[in-house]
Amino acid sequence: MTKTIKSMVLTLTVLAACSTACFADGNAFTPLNFDDTSYGIRTSAAAPAVTPANPNNEQLAGNSKMQNAITQLDNAQVEVRNELLNIKSQYADIDAKYQAVRAERKALDKQIKSIERRINKIDKQKENIRKNML
């Protein structure tokens, strides 16, 4: 029992020691663009974003290529969806035929069973008549 208490106290101590670094003032892990007046580190306004010089318009070409790729993917997706709709309609047609054949098969099975019962009934009646004749 004391071993578990010791290990629990040790774990909590290590956890508390490690977590205090997160709450320390002037933490070394403060991001560079952190803007807080209490630190007094940053006094100037935010610097504008630096864009690299692009004399060949590579970014524009990349954007048009990306747009073309997205358009092609959209077209491919439409084609695949159309194909899916065609296959679903074929499936529905075949399923309807299957259900019709299944219902017809079930009806014929009932007819066969009823006719077999009638034949068995007639056979039993014939046997009863033969027994009565003897």
Side-chain angles (χ1 to χ4, degrees):
M1 180 126 149
T2 58
K3 187 175 183 180
T4 56
I5 293 173
K6 285 180 184 178
S7 64
M8 209 164 42
V9 168
L10 181 63
T11 304
L12 289 174
T13 305
V14 169
L15 182 66
C18 292
S19 65
T20 54
C22 297
F23 299 112
D25 192 29
N27 192 356
F29 298 109
T30 304
L32 295 175
N33 60 353
F34 184 74
D35 192 13
D36 192 357
T37 56
S38 67
Y39 285 92
I41 296 171
R42 193 168 174 158
T43 57
S44 64
V50 178
T51 57
N54 194 0
N56 297 333
N57 292 330
E58 292 174 11
Q59 186 177 9
L60 297 176
N63 284 341
S64 66
K65 287 180 183 178
M66 292 298 283
Q67 290 296 327
N68 288 337
I70 290 172
T71 304
Q72 288 177 351
L73 288 174
D74 286 340
N75 291 338
Q77 187 178 25
V78 168
E79 289 176 11
V80 170
R81 284 185 177 162
N82 289 338
E83 185 179 352
L84 177 66
L85 289 175
N86 290 337
I87 291 174
K88 280 187 175 182
S89 65
Q90 288 176 353
Y91 177 83
D93 291 341
I94 291 173
D95 190 50
K97 290 177 187 176
Y98 170 74
Q99 295 297 333
V101 168
R102 190 173 170 200
E104 186 178 355
R105 183 177 180 269
K106 190 174 182 180
L108 288 174
D109 190 44
K110 284 183 181 179
Q111 286 180 351
I112 289 171
K113 287 182 181 179
S114 68
I115 291 172
E116 286 176 346
R117 275 188 244 125
R118 285 176 52 198
I119 291 172
N120 287 338
K121 202 181 227 185
I122 292 171
D123 282 341
K124 286 180 184 178
Q125 287 176 350
K126 284 180 7 184
E127 289 295 321
N128 284 339
I129 291 172
R130 285 190 186 135
K131 284 181 184 177
N132 288 336
M133 287 175 62
L134 294 172

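All figures in this text were calculated on a predicted structure; none of them were measured in a lab.
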Using the rule given for salt bridge (Lys or Arg N to Asp or Glu O under 4.0 Å), can you reason through Asp109 versus Lys113, listing the C-alpha separation, both sets of side-chain angles and the distance that settles it, and then say yes or no? CA-CA 6 Å; Asp109 190 44; Lys113 287 182 181 179; 3.6 Å; yes
Can you tell if the side chain of Gln99 reaches within under 4.5 Å of the side chain of Arg102, non-hydrogen atoms only?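 Yes - at least one pair of side-chain heavy atoms lies under 4.5 Å apart.
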For [X], check side-chain contact (heavy atoms from CB on, under 4.5 Å) against everything at least two apart and list the hits.
X: Leu108; result: Glu104, Gln111
X: Val80; result: none
X: Lys97; result: none

Find the distance between [atom1] ([X]) and [atom2] ([Y]) and round it off to the nearest 0.5 Å.
X: Ile94; Y: Ser89; atom1: CD1; atom2: OG; answer: 9.5 Å
X: Ile115; Y: Asn120; atom1: CD1; atom2: CG; answer: 12.0 Å
X: Ile5; Y: Leu10; atom1: CD1; atom2: CG; answer: 13.5 Å
X: Glu116; Y: Asp123; atom1: CD; atom2: CG; answer: 11.5 Å

Rest of the hydrophobic cluster containing Ile129 (Ile/Leu/Val/Met/Phe/Trp/Tyr, side-chain heavy atoms under 4.5 Å)?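 Answer for Ile129: Met133.
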Quick check: does any side chain N or O of Asn132 sit under 3.5 Å from a backbone N or O of Asn128, one acting as donor and the other as acceptor?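 Judged by distance alone, yes, a pair lies under 3.5 Å.
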Looking at residues at least two apart in the chain, or sitting in another chain, which of them share a salt bridge (Lys or Arg N to Asp or Glu O under 4.0 Å) with Arg130?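 For Arg130, the residues satisfying salt bridge (Lys or Arg N to Asp or Glu O under 4.0 Å) (neighbours in sequence not counted) are Glu127.
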Restricting to pairs with a member in residues 70-88, which pass side-chain hydrogen bond (donor to acceptor under 3.5 Å, both in side chains), not counting sequence neighbours?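 Those involving residues 70-88 do not exist here.
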